[in-house]
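Structure record follows, encoded as structure tokens.
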Amino acid sequence: MKSITKWMLPAVLSFFLIVVTSPSKVQAQPGNDVPVETFYDELAPYGQWISDPQYGYVWSPYVDPGFRPYYSEGYWAMTEYGNTWVSNYPWGWAAFHYGRWTYDNYYGWLWIPDSVWAPSWVCWRHGSGYYGWAPLGPGLNIEISFGPRYNCPDDWWIFIPPQYIYYT
């Protein structure tokens, strides 16, 4: 059996850390669809599933009252897939890469699962020296357009100066 050489050690340790410290059995995988049923058991310890008449089963995470999707407990990273949300939540692998968010006045932020992966499901804007993003609601697709803009409630948007976009 070959011994681990000095240059192989970081790769081996990285693999070990990913496998051993993974908080979930399933992880986000770029380009791979995941059956929606996968999320029910995986996310149950971190929130409650609610039957919604419009969207079906939606998930309400156990989070602080100030929680905002794509803002709380995470950061943006530029990857080969574009702007990618890196979440610090153990359930972030699912809720920020598969599905959409909407706000309910009673429950707060609700996640609507979907099987399609993306680096994030947000709409971007820029102007007056700021960049902004807001979660894409259900039923919206990502596409380039020069027509009407994405209209969501104003308080869904987060704007920051560009030098802080990738600040961790």
message: With side chain to side chain contact (heavy atoms under 4.5 Å, CB included) as the criterion, how do Trp93 and Leu43 come out once you've worked through the C-alpha distance, each side chain's angles and the decisive distance to 0.1 Å?
response: CA-CA 10 Å; Trp93 66 270; Leu43 273 58; 4.2 Å; yes

query: What do the steps show when you test Tyr55 against Trp111 for side chain to side chain contact (heavy atoms under 4.5 Å, CB included), and what is the final call?
result: CA-CA 10 Å; Tyr55 303 118; Trp111 180 66; over 6 Å; no

- prompt: Yes or no on side chain to side chain contact (heavy atoms under 4.5 Å, CB included) for Trp59 and Tyr107, after CA distance, side-chain angles and deciding distance?
  reply: CA-CA 10 Å; Trp59 182 70; Tyr107 290 105; over 6 Å; no

query: For Val122 and Trp156, what are the C-alpha separation, side-chain angles and deciding distance, and is it a side chain to side chain contact (heavy atoms under 4.5 Å, CB included)?
result: CA-CA 10 Å; Val122 300; Trp156 285 29; over 6 Å; no

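Under a cut-off of 6.0 angstrom, the local environment of OH in Tyr40 is crowded, with over 12 non-hydrogen atoms contributed by other residues, nucleotides or ligands. Counting non-hydrogen atoms of other residues, nucleotides and ligands closer than 6.0 Å to CG of Asp155 gives a total above 12.
Residues Val34 and Val36 fall within the same hydrophobic cluster, defined by Ile, Leu, Val, Met, Phe, Trp and Tyr side chains chained together at heavy-atom separations under 4.5 Å. In the hydrophobic cluster analysis, where Ile, Leu, Val, Met, Phe, Trp and Tyr join through side-chain heavy atoms closer than 4.5 angstrom, Ile112 is grouped apart from Tyr103. Transitive grouping of hydrophobic side chains (ILVMFWY, heavy atoms separated by less than 4.5 Å) brings Met78 and Trp121 into a common cluster. Under a hydrophobic-cluster definition in which Ile, Leu, Val, Met, Phe, Trp and Tyr are linked whenever side-chain heavy atoms come within less than 4.5 Å, directly or via other members, Trp101 and Ile158 are assigned to the same cluster. Val63 and Ile50 fall into different hydrophobic clusters, defined by Ile, Leu, Val, Met, Phe, Trp and Tyr side-chain heavy atoms under 4.5 Å apart, directly or through other members.
A side-chain donor-acceptor contact under 3.5 Å links His97 to the backbone of Trp85. Remark: side-chain polar atoms of Asp104 are paired, donor with acceptor, to backbone N or O of Tyr106 under 3.5 angstrom. Judged by distance alone, with hydrogens and angles left aside, the side-chain atoms of Thr84 form a donor-acceptor pair with the main-chain N or O of Gly82 at under 3.5 Å.
Proximity of Trp124 to Ile165: side-chain heavy atoms (C-beta onward) are separated by under 4.5 Å at one or more points. The side-chain heavy atoms of Ser72 and Tyr89, taken from C-beta on, include a pair separated by under 4.5 Å.
Checked against the 6.0 Å centroid threshold, Tyr71 and Trp157 do not count as a close aromatic pair.
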N/O donor-acceptor pairs under 3.5 Å from side chains in residues 128-139, not counting sequence neighbours:
{"from": "Trp133", "atom 1": "NE1", "to": "Tyr70", "atom 2": "O", "distance (Å)": "2.8"}

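Under the side chain to side chain donor-acceptor pair (under 3.5 Å) criterion, Ser60 pairs with no residue, sequence neighbours left out.
Asn88 and Tyr75 form no side-chain donor-acceptor contact under 3.5 Å, judged by distance and modelled atom types alone.
Under the ring-ring contact (aromatic ring centres under 6.0 Å, His included) test applied with Trp91, the options Tyr98, Phe96, Phe39 reduce to a single match, Phe96.
Smallest separation of non-hydrogen atoms from Trp49 and Ala44: NE1-N, 4.0 Å.
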